[in-house]
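Heavy atoms only: backbone and side chains are in, while hydrogens, waters and symmetry mates are out.
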Amino acid sequence: MIGIKNINIHDLSILVEQAKTQAAQGKVIERIPQLAMANPHWFAVNITCKSDESYSLGNTDCIFPFMSAIKPFSLLYLLEQFTAKQVLQWVGIQPSTAPFNSLAQLIADNGHPRNSMINSGAITLADKFLGKDSNESTGLFCTWLNKLAGTNLYIDLDILASVRANRSPINIDITNCLYEAGNVNNIKFALDVYEQICCVSGRVEDLAKLGKILACESDFINNQNRQVVNAVMLTCGLYEVSAEYSIKIGLPMKSGISGGLITIVPNQGAIASYSPALDHAGNSVAGLALMEILSQNLQLSIFY
């Protein structure tokens with residue numbers, strides 16, 4: 001195994017330029033006006049190693065909402081608050097064969113979310129956050145992340161206002177279905193917490209620092225909980241194309257509709273990228289292209 005510690009900035013810059021050419025095949029999301037303003041040509045990457053050595057390239061000053069890239073960390077948060085047995089009763093670990101916001105699949109599954117990486121699962125978990133109200137709950141979550149990863153993440157209120165003004169009718173239907181099935185206790189609270197945590201914002205360096213929590217053993221996180229999150233990311237993190245990329249790349253990954261992508265390289269570190277042009281499944285086109293190149297060149301796949 002070659003590994004991420006053997007990359008250098010010169011090689012990385014060449015690989016980034018290769019990956020960036022793929023962005024033209026994608027499209028920036030239009031449903032949320034604040035996200036629609038993103039430049040499809042933006043690209044940023046950060047590699048943070050176990051040793052804390054890091055490499056950054058591109059538009060690294062861009063601050064963006066992590067959107068669904070935060071979902072692995074809300075799962076980890078609840079695993080740490082409760083138990084794996086309890087949390088995995090709330091949400092499953094089965095891969096989804098439908099889009100991330102599929103109501104039809106949730107109905108077919110009798111209102112039980114397949115996994116925590118799709119909207120139904122993340123909304124179910126949002127309902128279980130501790131705190132007297134949604135603002136306190138998300139504040140506690142942000143504080144926990146920042147303390148754990150040494151980041152300065154915050155909830156972007158402009159993005160949140162844009163999300164609320166253009167609230168997805170499907171997410172409302174999903175939450176109602178979850179409530180009727182007894183998997184969500186408070187519709188308003190669950191949706192509000194979910195929308196707020198999706199607006200947790202930072203730079204690629206911050207996303208990579210979060211990823212390092214999942215990549216490396218520490219005294220602060222239960223190792224079994226890390227393993228659960230990484231396993232679910234590998235099989236479910238890229239929605240209905242997760243299986244395809246587990247073969248192509250072979251690493252736990254999670255995307256967000258803002259263009260963020262976090263990749264876990266177990267026991268080595270994490271790779272975060274930001275490129276807003278998305279494929280049909282809602283994953284960053286250039287981000288996935290870069291990871292495919294890096295995984296092959298550095299022999300990163302866990303199956304090597």
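Asn183 places none of its side-chain heavy atoms less than 4.5 Å from the side chain of Trp90. Taking the side chain as every heavy atom from C-beta outward, Asn59 and Tyr274 never approach each other to under 4.5 Å.
Contact detail for Pro113 and Leu178: the closest heavy-atom pair is CG-CD2, 3.7 Å. The two residues Asn46 and Ala208 make their nearest non-hydrogen contact at OD1-CB, 3.1 Å. The shortest heavy-atom contact between Pro252 and Asn230 is CB-O, 3.4 Å.
In this structure, Phe220 places its CZ atom where only 12 or fewer heavy-atom neighbours from other residues, nucleotides or ligands lie under 6.0 Å away. Atom OH of Tyr179 has 12 or fewer neighbouring heavy atoms from other residues, nucleotides or ligands inside a 6.0 Å radius.
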For residues 151-161, tabulate all N or O donor-acceptor pairs below 3.5 Å that involve a side-chain atom, not counting sequence neighbours.
unit_1	atom_1	unit_2	atom_2	d
Thr151	OG1	Asn146	OD1	2.8
Asp156	OD1	Asp158	N	3.0
Asp156	OD1	Ile159	N	3.1

Sequence neighbours left out, cut at 3.5 Å: what donor-acceptor pairs do the side chains of residues 168-176 make with other protein atoms?
unit_1	atom_1	unit_2	atom_2	d
Ser168	OG	Ile170	N	3.2
Ser168	OG	Asn171	N	3.2
Asn171	OD1	Asn119	ND2	2.9
Thr175	OG1	Asn171	O	2.7
Asn176	ND2	Ile172	O	3.2

Considering only distance and modelled atom types, tabulate donor-acceptor pairs under 3.5 Å from the side chains of residues 287-297, sequence neighbours left out.
unit_1	atom_1	unit_2	atom_2	d
Ser295	OG	Ile249	O	2.8

List, one per line, each side-chain donor-acceptor pair under 3.5 Å for residues 92-102, sequence neighbours excluded.
unit_1	atom_1	unit_2	atom_2	d
Ser96	OG	Ala98	N	3.1
Ser96	OG	Ala98	O	2.9
Ser96	OG	Gln105	OE1	2.6
Thr97	OG1	Gln105	NE2	3.1
Ser102	OG	Gln105	N	3.0

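Applying the under-4.5 Å side-chain rule to Ile, Leu, Val, Met, Phe, Trp and Tyr, the cluster around Val28 consists of that residue alone.
Listed by first and then second residue, the salt bridge (Lys or Arg N to Asp or Glu O under 4.0 Å) pairs involving residues 119-134 are Lys132-Glu136 (not counting sequence neighbours). Within the structure, salt bridge (Lys or Arg N to Asp or Glu O under 4.0 Å) pairs that include any residue of residues 111-125 comprise Asp109-Arg114 (at least two apart or interchain). Listed by first and then second residue, the side-chain hydrogen bond (donor to acceptor under 3.5 Å, both in side chains) pairs that reach into residues 26-42 come to none, sequence neighbours excluded. Within the structure, salt bridge (Lys or Arg N to Asp or Glu O under 4.0 Å) contacts touching residues 75-104 (residues at least two apart or in different chains) do not occur. The salt bridge (Lys or Arg N to Asp or Glu O under 4.0 Å) contacts involving residues 49-72 comprise Asp52-Lys212, where partners must be two or more places apart or lie in separate chains.
The salt bridge (Lys or Arg N to Asp or Glu O under 4.0 Å) check on Glu244 picks up Lys248, with sequence neighbours excluded. The side-chain hydrogen bond (donor to acceptor under 3.5 Å, both in side chains) test applied to Gln25 returns Gln22, not counting sequence neighbours.
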**Request:** Any chance you could lay out the side chain to side chain contact (heavy atoms under 4.5 Å, CB included) test for Phe73 and Val229, step after step, and finish with the verdict?
**Result:** CA-CA 8 Å; Phe73 305 99; Val229 177; over 6 Å; no
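Atoms CD and CG, from Gln268 and Asn6 in turn, are 8.5 Å apart once rounded to the nearest 0.5 Å.
Annotation: Phe129 is in aromatic contact with Phe141 [ring centroid separation under 6.0 Å].
Using a distance-only test at 3.5 Å, with no hydrogens or angles considered, a donor-acceptor pair links the side chain of Ser242 to the main chain of Tyr239. A donor-acceptor contact shorter than 3.5 Å is absent between the side chain of Arg203 and the backbone of Cys62.
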